[in-house]
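Step one of this worksheet: look at the structure below.
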Amino acid sequence: MDELRELPVWALIVLPLILLAQSTWLFIDARKRTKYYWFWGLWGLIQTPMPPLLYILFVRKGWKPGKRADGERKE
């Protein structure tokens, strides 16, 4: 419990704002692109910065194994 007393007041204000903004963006954008929007929104509320990084990597960029940069699939 002493760790919370060592945290500055500005961090206690900024961190929830960052998590809320991140979660809102993930939820709204995932709703347009995938059916797992609740998952992305909730995960964005509890952790940072991993959820947006993985969302951008796997959902926004559409990374798929075996897909090349020119759009053709490897055989």
For the residue pair Ser23 and Gly44, what are the closest heavy atoms and their distance? CB-C, 3.8 Å

Across all chains, not counting sequence neighbours, the salt bridge (Lys or Arg N to Asp or Glu O under 4.0 Å) partners of Arg31 are none

Would you say that Arg60 contacts Asp29 through its side chain, given a criterion of any heavy-atom pair below 4.5 Å between the two side chains? yes

Take a 6.0 Å sphere around CZ of Phe39 and say whether it holds more than 12 heavy atoms from other residues, nucleotides or ligands. yes

Contact between Val9 and Ile13 at the side-chain level, heavy atoms closer than 4.5 Å - yes or no? yes

Report the distance from atom CG of Leu15 to atom CG of Leu7, rounding to the nearest 0.5 Å. 8.0 Å

Smallest heavy-atom separation, Gln22 atom then Pro49 atom, equals OE1-CA, 4.4 Å

Is there side-chain contact between Trp25 and Tyr55, with heavy atoms separated by less than 4.5 Å? yes

Answer whether the closest heavy-atom distance between the side chains of Trp43 and Leu54 falls below 4.5 Å. yes

Common cluster, Val59/Met50, ILVMFWY with side-chain heavy-atom separation under 4.5 Å: yes

Can you hop from Tyr36 to Ile56 via hydrophobic side chains spaced under 4.5 Å? yes

Do Trp40 and Thr34 touch side chain to side chain, with heavy atoms closer than 4.5 Å? yes

Contact between Pro51 and Leu26 at the side-chain level, heavy atoms closer than 4.5 Å - yes or no? yes

For Pro16 and Ala11, the nearest pair of non-hydrogen atoms, with its separation, is CD-O, 4.1 Å

Mind checking who shares a hydrophobic cluster with Trp10, ILVMFWY linked at side-chain heavy-atom distances under 4.5 Å? Val14, Ile18

